[in-house]
Number of protein chains: 2
Amino acid sequence: MHTDAGLKKMLPANIEIRDYLAGLIKQSRLKQNERLPSERELVEQFKSTRITVRDALSKLESEGLIYRSNRRGWFVSPPRLEYDPSSRVNFYLLAEQQQRTPATELISQKRIKGPQAARTALAVAADEKLIELVRLRSLDGRPVLYEFIYLPESRFPELMKKDLEGSLTTLMQRDYNVEITHEDNRICVSAVYDQVADALSHINGAPCLEIRRIRYEGERKAVEFDIEHWVHSAIELRIPSH
Amino acid sequence: MHTDAGLKKMLPANIEIRDYLAGLIKQSRLKQNERLPSERELVEQFKSTRITVRDALSKLESEGLIYRSNRRGWFVSPPRLEYDPSSRVNFYLLAEQQQRTPATELISQKRIKGPQAARTALAVAADEKLIELVRLRSLDGRPVLYEFIYLPESRFPELMKKDLEGSLTTLMQRDYNVEITHEDNRICVSAVYDQVADALSHINGAPCLEIRRIRYEGERKAVEFDIEHWVHSAIELRIPSH
DNA sequence: TGCGCATTCTGGTCTAGACCAGAATAAGTG
DNA sequence: CACTTATTCTGGTCTAGACCAGAATGCGCA
């Protein structure tokens, strides 16, 4: 970067690049889901280096203004999906209420022992197996959520034969007569790795919003344990309280 | 990094370094709030470069396993504070319930017009001023929360003469007879800049957990608007629902 | 002993390249 | 035209340094 001879407070180059791109986005000179100039073009434009350019981009990513698609480029984030985890509105309805096109892909379904966290949450017997569902959910073609769902097999016989790409809540209610009475959500910022990162088109170690949830029918009977990994720029949680 | 001659799947160097440090932390070979080896020591140890080492460190930071203290080093994160924004438990009590030592510093207090978001949320008249409080809150000496609080001046006369480092909820209740009936929380992952980043000992653009909150007395009367910037590794939200 | 100053150490920022793997596209082929 | 293949373009990872500013520390002096 050129020196400013002290006219203005000298900003680090990565901040100047960030501010420039943030400006383009705020003025809608770059529209939602539009690709940003490539890193090498930005290097050229700012007479800088890829390290510095990528620094700026990763700041914008942290803010949620842009997102990456692995080896394809950087894109302007559309508005966040507003999501109230305590409401019983399912993903499809939620997306459509906000004029978005939802999609779900069932990645895998297994009968397994499952992770200790799930077994503890569901308070299953030592020999009981869990059903694990892994699903990838998208908005307007962009993957935004990778989720692991654990269910006690005993409560949901024949589950694996059913359609598992739609609303689980509906299915549980209709076919198993489950009425969720309350749930416990834990929310934190975490990071994605390996198959989760790949599926979300992120790099290993990219930050995400993680939601762990236990759903109960009746006072103490846990029937579902979820771990959700959200592309953080895709979501804003809304928690009303009374 | 040495090559593995295909014996195991070859991991990128930054992931190997991450895994090594994550291992030390999980085995408690590095204890909470302990400083990690300096970046240059890690470069030495892994025969790598600072770029790669910092890549690994920033992944660990995203996960919340470590946090940084500006130009002092990287430290192992203590357990996250469990925080239920809908409960009326104040920061002091919350911290002490979890065996942590809380502290609050009042950064500034002003009568100002305030940002548009605050004015809209509080639905104040065009000529009315807001009181802005800026506070930094710490746990065990580590800054974890930088918050902006906006209050309509008309509802809280003489507020600026009071002690503003303690629980605002208590003060509002005691001195102004405010009874909060409900609130609206919005939670997203964002980034910190400038004075917020400085105060939290972070770099510009580091990710944070952002909570925006409107508090109401009575059905529609908003009396408080907050923006909280949490060091993300310091907090886990807990949202029970009924 | 206590204070101020110089030194050392830390992360923060940056340069100027390199090679790789996967995605997208253009070109060639049947 | 449809399909395959080669090329180009993208970000992902990495090397080997550099200089800077702020934090911590050690030392000398009062």
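In this text the structure is predicted, and so the values were computed from the model without any measurement. Letters A, B, ... are given to chains in the order of the sequence lines, protein chains preceding strands, and every chain is numbered from 1.
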Asks: Measure from NZ on B:Lys59 to C1' on D:dC14 and round the result to the nearest Å.
Replies: 12 Å
Asks: Ignoring the backbone of B:Ile203, work out which of C:dG12, D:dT10, D:dA23 is nearest its side chain.
Replies: C:dG12
Asks: Take a 6.0 Å sphere around CZ of B:Arg35 and say whether it holds more than 12 heavy atoms from other residues, nucleotides or ligands.
Replies: yes
Asks: Write down the distance between CG (B:Leu200) and P (C:dG11), rounded to a whole number of angstrom.
Replies: 19 Å
Asks: Rounded off to whole Å, could you give me the CZ-to-C1' distance for the A:Phe46 and C:dT13 pair?
Replies: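 Spelled out: CZ on A:Phe46 to C1' on C:dT13 is 17 Å.
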Asks: Using the side-chain hydrogen bond (donor to acceptor under 3.5 Å, both in side chains) definition, which of the options A:Arg135, A:Arg137, A:Glu165 pairs with A:Thr104?
Replies: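 Of A:Arg135, A:Arg137, A:Glu165, side-chain hydrogen bond (donor to acceptor under 3.5 Å, both in side chains) with A:Thr104 is met by A:Arg137 alone.
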Asks: Examine C:dT10: is either OP1 or OP2 under 4.0 Å from a nitrogen or oxygen in the side chain of B:Arg68? Give yes or no.
Replies: no
Asks: Whole angstrom is fine here: how far is it from CG in B:Asp198 over to P in D:dG22?
Replies: 9 Å
Asks: Would you mind telling me which of D:dG11, C:dG11, C:dC14 lies closest to the side-chain atoms of A:Asn14?
Replies: C:dC14
Asks: Using a 4.0 Å heavy-atom cut-off to protein, can you give one letter per nucleotide of nucleotides 16-21 of chain C, 5' to 3': B if the base is in contact, S if only the sugar-phosphate is, - if neither?
Replies: B-BB-B
Asks: Starting at atom CD of B:Glu61, determine the distance to atom P of C:dG11, rounded to an integer number of angstrom.
Replies: 13 Å
Asks: Let me know the distance between CG of A:Leu42 and C1' of D:dC9, rounded to the nearest Å.
Replies: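 Interatomic distance, CG of A:Leu42 to C1' of D:dC9: 15 Å.
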Asks: Are any of B:Thr52's side-chain N or O atoms less than 4.0 Å away from OP1 or OP2 of D:dT15?
Replies: yes
Asks: Looking at A:Gln98 and A:Ala95, would you say the former's side chain and the latter's main chain have a donor-acceptor pair under 3.5 Å?
Replies: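 No; zero donor-acceptor contacts below 3.5 Å.
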Asks: Can a donor-acceptor pair be found between the side chains of A:Glu147 and A:Trp230 at a distance below 3.5 Å?
Replies: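 Result is no, nothing qualifies.
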Asks: Measure from CZ on A:Arg72 to C1' on D:dT10 and round the result to the nearest Å.
Replies: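 Value for this atom pair: 10 Å.
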Asks: Where each residue is assigned the nucleotide of DNA chain C containing its nearest heavy atom, which of B:Asn204 and B:Glu41 is assigned the position nearer the 5′ end?
Replies: B:Glu41
Asks: Can you list the residues that meet the ring pair (Phe, Tyr, Trp, His ring centres under 6.0 Å) rule with A:Phe75, with sequence neighbours excluded?
Replies: A:Tyr67
Asks: Please list, chain by chain and in numerical order, all residues satisfying side-chain hydrogen bond (donor to acceptor under 3.5 Å, both in side chains) with A:Ser69, sequence neighbours excluded.
Replies: A:Arg72, A:Ser201
Asks: Can a side chain N or O of B:Arg54 be found less than 4.0 Å away from OP1 or OP2 on C:dG12?
Replies: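 So the side chain of B:Arg54 is within the cut-off, an N or O lying under 4.0 Å from OP1 or OP2 of C:dG12.
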Asks: Could you give the CG-to-C1' distance, from A:Asp55 to C:dC14, as a whole number of Å?
Replies: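 Distance, rounded to whole Å: 9 Å.
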Asks: With side chain to side chain contact (heavy atoms under 4.5 Å, CB included) as the test, pick out the partner of A:Val76 among A:Leu36, A:Leu24, A:Asn33.
Replies: A:Leu36
